[in-house]
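Sending over a structure as structure tokens; questions will come in a sec.
Whatever order the structure lists them in is the order used to number ligands and atoms, beginning at 1. One is the number of the first residue; the rest follow in order along the sequence.
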Amino acid sequence: MAKLPLLEDLPPLDGKRVLLRADFNVPLDKSTGAITDDLRIRAALPTIQWLQGQGAQVVACSHLGRPKGAPDPKYSMEPVRARLAELAPGVELLENLRFDAGEEGNDPAFVATLVEGMDAYVDDAFGAAHRAHASIVGPPQSLPSAAGRLLAREVEVLMGLRESPKRPFVAVLGGSKVSDKLGVIDALLGVCDKLVIGGGMCFTFLAAQNRSIGDSLCEEDQIDTCRRLLKEAGDRIVLPEDIRVLGPNDDVRDVGTDVPKGYKGLDIGPYSGAIFSDVIDTARTVFWNGPMGVFEDPRFEAGTRTVAQAVADCQGFTVVGGGDSAAAAAQFGLDKQIDHVSTGGGASLELLEQGDLPGLEALRNAPNAR
Ligand code: 3PG
Ligand code: MG
């Protein structure tokens with residue numbers, strides 16, 4: 001991938017107005033509306049401080065949640081504005097970009113309102129760089145533009161996994177759906193030494209091995225694909241060998257990989273946790289995305305906790321994809337022991353899969369980068 005324009009590639013910024021696209025899509029408490037994790041706001045601070053240090057007036061913008069193209073008080077930027085004012089005084093913050101349908105529609109008229117009065121554009125919204133939305137791909141068409149520190153670091157780390165991982169490279173995938181992850185599974189199998197699979201998606205793989213999976217999640221239409229992947233990858237794919245299940249009378253127990261009728265697999269079992277940990281332990285590079293089970297429920301958190309601990313303990317370079325796995329690592333207090341916790345969930349998977357994102361392409365085509 002050609003180089004992204006960086007902050008140093010911008011013209012002098014003293015007294016200039018800089019539009020900063022950040023990903024301040026932070027989790028909010030359902031009942032109080034308070035921010036439950038401000039990681040994404042803190043992650044933008046190095047860029048904001050650099051811009052302010054150059055004498056720029058920073059005008060930040062972000063989406064929050066998924067409002068439907070019209071103002072919705074539930075998704076007001078107010079809590080973010082309050083937190084941002086504490087962390088980075090003097091930054092202006094626009095209202096939720098998705099209150100205007102022009103954002104997701106990438107409407108040129110909406111782009112025009114965003115860039116009006118601005119002298120430069122900085123994209124630090126890694127978590128949204130896979131969206132070809134107005135605020136992401138529009139401003140670089142006319143303004144001198146740059147990747148912020150966070151975006152540049154995310155791209156460096158994730159492209160490094162694709163292009164030059166230290167070996168052995170172990171990828172660990174979880175989460176519920178195979179269909180969501182097929183692209184990334186293919187891409188990872190092209191580069192990793194072992195692909196460890198847990199979470200709800202492992203049952204479609206187990207079904208492809210003709211195991212009985214009881215009432216566990218299964219995507220019938222993906223069984224053939226899983227069979228092909230297993231055939232191609234051979235023992236590079238590591239599957240669980242025991243499963244923690246929930247039974248018809250709410251009983252929880254561990255079974256082998258044949259799950260009885262009426263039982264639903266909701267976590268990997270302890271033996272699998274040990275196998276997965278051993279594989280992770282040998283790695284010089286680890287990428288982990290997706291929980292091993294429904295870790296929000298204490299009865300089914302052990303597998304995810306074990307994997308998170310193994311990643312934290314691994315001597316190699318460790319990367320955790322955003323979203324649920326980042327939340328799990330933080331919930332277990334292990335996030336500080338991981339080399340790179342991505343702020344992007346979908347974005348990190350898409351970058352691994354495709355080696356590029358709409359937001360990155362837009363920056364590379366900015367007037368100051370060409
Ligand atoms: C995220 O949290 O995944 C990013 O902020 C992108 O949000 P979106 O999935 O609603 O586009
Ligand atoms: Mg998302």
(request) Below 4.0 angstrom from a heavy atom of Arg131, which ligand 1 atoms are there? Numbered from 1 as shown, please. (result)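 Per the distance check, 8 (P), 9 (O), 11 (O).
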(message) Considering Ala22, Ala128, Gly127, Gly345 one by one, which has a heavy atom nearer to atom 4 (C) of ligand 1 than any of the others?
(response) Gly127
(request) Look at Arg83 together with Asp38 and state whether they make a salt bridge at an N to O cut-off of under 4.0 Å. (result) yes
(message) Glu103 vs Lys68, test: salt bridge (charged side-chain N to carboxylate O under 4.0 Å, His left out). Steps then yes/no.
(response) CA-CA 11 Å; Glu103 167 65 354; Lys68 306 249 170 300; over 6 Å; no
(request) Say whether Asn25, considering both its backbone and side-chain N or O atoms, lies within less than 3.5 Å of an N or O atom on ligand 1. (result)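 Yes - when backbone and side-chain N and O of Asn25 are compared with those of ligand 1, one distance drops under 3.5 Å.
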(request) Please identify which atoms of ligand 1 are closer than 4.0 Å to at least one heavy atom of Asp23. (result) 4 (C), 5 (O)
(message) Can you tell whether the side chains of Arg131 and Glu104 come within less than 4.0 Å, N to carboxylate O?
(response)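 No, no charged N to carboxylate O under 4.0 Å.
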(message) Contact between ligand 1 and His133 is defined here as a heavy atom of the residue under 4.0 Å from a ligand atom; is it met?
(response) no
(request) Using non-hydrogen atoms of the residue, decide whether Gly346 is closer than 4.0 angstrom to ligand 1. (result) no
(request) Check each atom of ligand 1 against the heavy atoms of Arg98 and keep those under 4.0 Å away; list them by number with element. (result) 7 (O), 8 (P), 10 (O), 11 (O)
(request) Might you confirm whether atom CD of Glu8 has over 12 heavy atoms from other residues, nucleotides or ligands at distances under 6.0 Å? (result) yes
(request) Could you state whether Ile41 and Leu51 fall into the same hydrophobic cluster, counting links through intermediate Ile, Leu, Val, Met, Phe, Trp or Tyr residues with side-chain heavy atoms under 4.5 angstrom apart? (result) yes
(request) In plain terms, say whether Asp193 and Arg284 are close enough for a salt bridge, that is, a side-chain N and a carboxylate O under 4.0 Å apart. (result) no
(request) Flag the pair Asp119 and Arg17 as a salt bridge only when some basic side-chain nitrogen lies within less than 4.0 angstrom of an acidic carboxylate oxygen. (result)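 Salt bridge: no.
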(request) Report, in ascending order of atom number, the atoms of ligand 1 lying under 4.0 Å from any heavy atom of Arg66. (result)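 What qualifies from ligand 1 is 8 (P), 9 (O), 10 (O).
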(message) For Arg40, which part has a heavy atom under 4.0 Å from ligand 1: side chain, backbone, both, or neither?
(response) side chain
